[in-house]
Protein chains: 2
Amino acid sequence: MRVSAKADYAVRAAAELAAADEGPVKGEKLADAQDIPLQFLEHILLELKHQGIVRARRGAKGGYWLARPADEVTIAEIVRAVEGPIAHVQSTPPEAIEYRGNSEHLQEVWIAVRASIRNVLENVTLADLVADELPDVVTDLAAVPDSWVAR
Amino acid sequence: MRVSAKADYAVRAAAELAAADEGPVKGEKLADAQDIPLQFLEHILLELKHQGIVRARRGAKGGYWLARPADEVTIAEIVRAVEGPIAHVQSTPPEAIEYRGNSEHLQEVWIAVRASIRNVLENVTLADLVADELPDVVTDLAAVPDSWVAR
DNA sequence: GCACTCCCGACCAAGCAGGTCAGGAAAGTC
DNA sequence: GACTTTCCTGACCTGCTTGGTCGGGAGTGC
């Protein structure tokens, strides 16, 4: 139940792309802006490219840009692109597991966990993120002081 | 963003303990009931014991039992006992990360993710689980058909 | 004393995390 | 055509995690 550095980096780099006005942005600029190791970031951007989230051009004046408008790219997509499916249990999707005996209803719990994560990540777009116009589901949760305490 | 086999096993074993009427339950019985490799399960139960969630006695008539009533043990506790803190980012708690530039508000998103997971896992007790009396937050989410589709 | 059951450290194979390195291949500039 | 720039890609690396297994030790009950 953790978020990898890769996923965090991927979203941060994508946010920079979403905020870029015109034309391709160099990998180095993204790395500098978000303090990410350049060569590691290049691998991440390559994955995002393979998943059709960003596009790239080489050479002078080359760089990366979003394949779609920033308000059509959700955080969930980016996380999936680099981390794979969200909230799998034992590397299989929760709806595919058979629980028996007294743990029969554990399946519904894992399903609910996945759904609640999706409720957040699928409703935040890169445009929301850079404009600081996060959806209510996020601001409501973040407004509760208890959400900020470690446990 | 995945649930480990260990966490899944731990909750399933704990559910069996919650359902056991009286006296200690042998590790072997738990392993059989939930189809968990016995020796692996023993390590998991040991961790649960160290975290004060279960108790154990050795020898004939020995076994494991819950340290507290089943309605006072949440799934969140069990997951934390074997997996550590929920929804850390880059191995640090989201409230401790400093985001700059265009990813400034990513922190609130990760905080919201953590809060929404907690909303589920901290509100389901072992008693709820074995009695099939899951709280509304779970049943509401599990009632949406879309929650069950892979993505 | 003996069977039973938990306790616990050592080990293991595979994979992932979080990178680094070295070179190749397109694109633009002169 | 040469040269620079920038992305593309595979190989490699260290250390840790996952999901276990093995073997023996130590309480407990009869």
Side-chain angles (χ1 to χ4, degrees), chain A residues 1-13 17 20 23-32 34-67 79 82-85 88-92 97, chain B residues 1-13 17 20 23-32 34-67 79 81-85 88-92:
Chain A
M1 299 293 268
R2 50 189 298 277
V3 178
S4 65
K6 210 160 142 184
D8 189 51
Y9 288 164
V11 177
R12 283 155 60 184
L17 291 181
V25 184
K26 291 200 329 182
E28 199 181 352
K29 192 174 172 192
L30 298 172
D32 286 351
Q34 289 296 328
D35 211 38
I36 304 171
L38 173 59
Q39 311 202 84
F40 191 37
L41 178 60
E42 286 184 335
H43 282 275
I44 294 169
L45 288 165
L46 199 59
E47 286 186 69
L48 293 181
K49 189 192 154 194
H50 288 158
Q51 298 295 321
I53 293 172
V54 309
R55 283 199 227 277
R57 185 163 43 225
R58 311 191 232 205
K61 301 236 170 186
Y64 304 88
W65 64 96
L66 290 179
V79 172
V82 298
E83 274 195 355
H88 271 204
V89 179
Q90 294 206 47
S91 304
T92 57
I97 308 181
Chain B
M1 298 295 268
R2 50 187 297 277
V3 178
S4 66
K6 210 159 142 184
D8 189 51
Y9 289 164
V11 177
R12 282 155 60 184
L17 290 181
V25 184
K26 292 201 324 182
E28 199 182 352
K29 192 175 171 191
L30 299 172
D32 286 350
Q34 289 296 328
D35 211 37
I36 303 170
L38 173 59
Q39 311 201 86
F40 190 37
L41 179 60
E42 285 185 336
H43 282 276
I44 294 168
L45 288 165
L46 199 58
E47 286 185 68
L48 293 180
K49 190 191 155 197
H50 288 158
Q51 299 295 320
I53 294 172
V54 309
R55 283 200 228 276
R57 184 162 43 226
R58 310 190 234 206
K61 300 237 170 184
Y64 302 89
W65 64 96
L66 291 178
V79 172
V82 299
E83 275 195 355
H88 272 205
V89 178
Q90 294 205 48
S91 303
T92 58

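Just so we're clear, the structure is a prediction, and the values are computed from it rather than from any experiment. Quick note on labels: first sequence line is chain A, next is B, and so on, each numbered from 1. As a basis for the values below, the full set of heavy atoms in this structure was taken, side chains included, without hydrogen atoms, waters or symmetry mates.
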Please determine, for the side chain of B:R58, which listed nucleotide (D:dG25, D:dG29, D:dT6) has the closest atom?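 So the side chain of B:R58 is nearest to D:dG25.
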Nucleotide of C:dT20, D:dG20, C:dT5 approaching B:P37 most closely (side-chain heavy atoms):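 Given the options C:dT20, D:dG20, C:dT5, the side chain of B:P37 is closest to D:dG20.
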Rounded interatomic separation in angstrom, taking [atom1] from [X] and [atom2] from [N]:
X     : N      : atom1 : atom2 : value
B:E42 : C:dG9  : CD    : P     : 14 Å
A:E47 : D:dC7  : CD    : P     : 17 Å
A:K26 : C:dG28 : NZ    : C1'   : 14 Å
A:K29 : D:dT5  : NZ    : C1'   : 16 Å
B:H43 : C:dC7  : NE2   : P     : 11 Å
A:F40 : C:dC16 : CZ    : P     : 14 Å

Can any side-chain N or O of B:Q90 pair as donor or acceptor with the backbone N or O of A:D8 at less than 3.5 Å?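 No, because the side chain of B:Q90 does not come within donor-acceptor range (under 3.5 Å) of the backbone of A:D8.
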Report the residue (B:L38 or A:E28) whose heavy-atom-nearest nucleotide on DNA chain D is the more 5′ of the two.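 Nearer the 5' end of the strand: A:E28.
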So, OP1 or OP2 of [N]: does either fall under 4.0 Å of a side-chain N or O from [X]?
X     : N      : value
A:K61 : C:dG28 : no
B:R57 : D:dA26 : no
A:Y9  : C:dG19 : yes

Would you indicate what A:R55 reaches in the nucleic acid, counting non-hydrogen atoms under 4.0 angstrom: base, sugar-phosphate, or nothing?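 Touches nothing.
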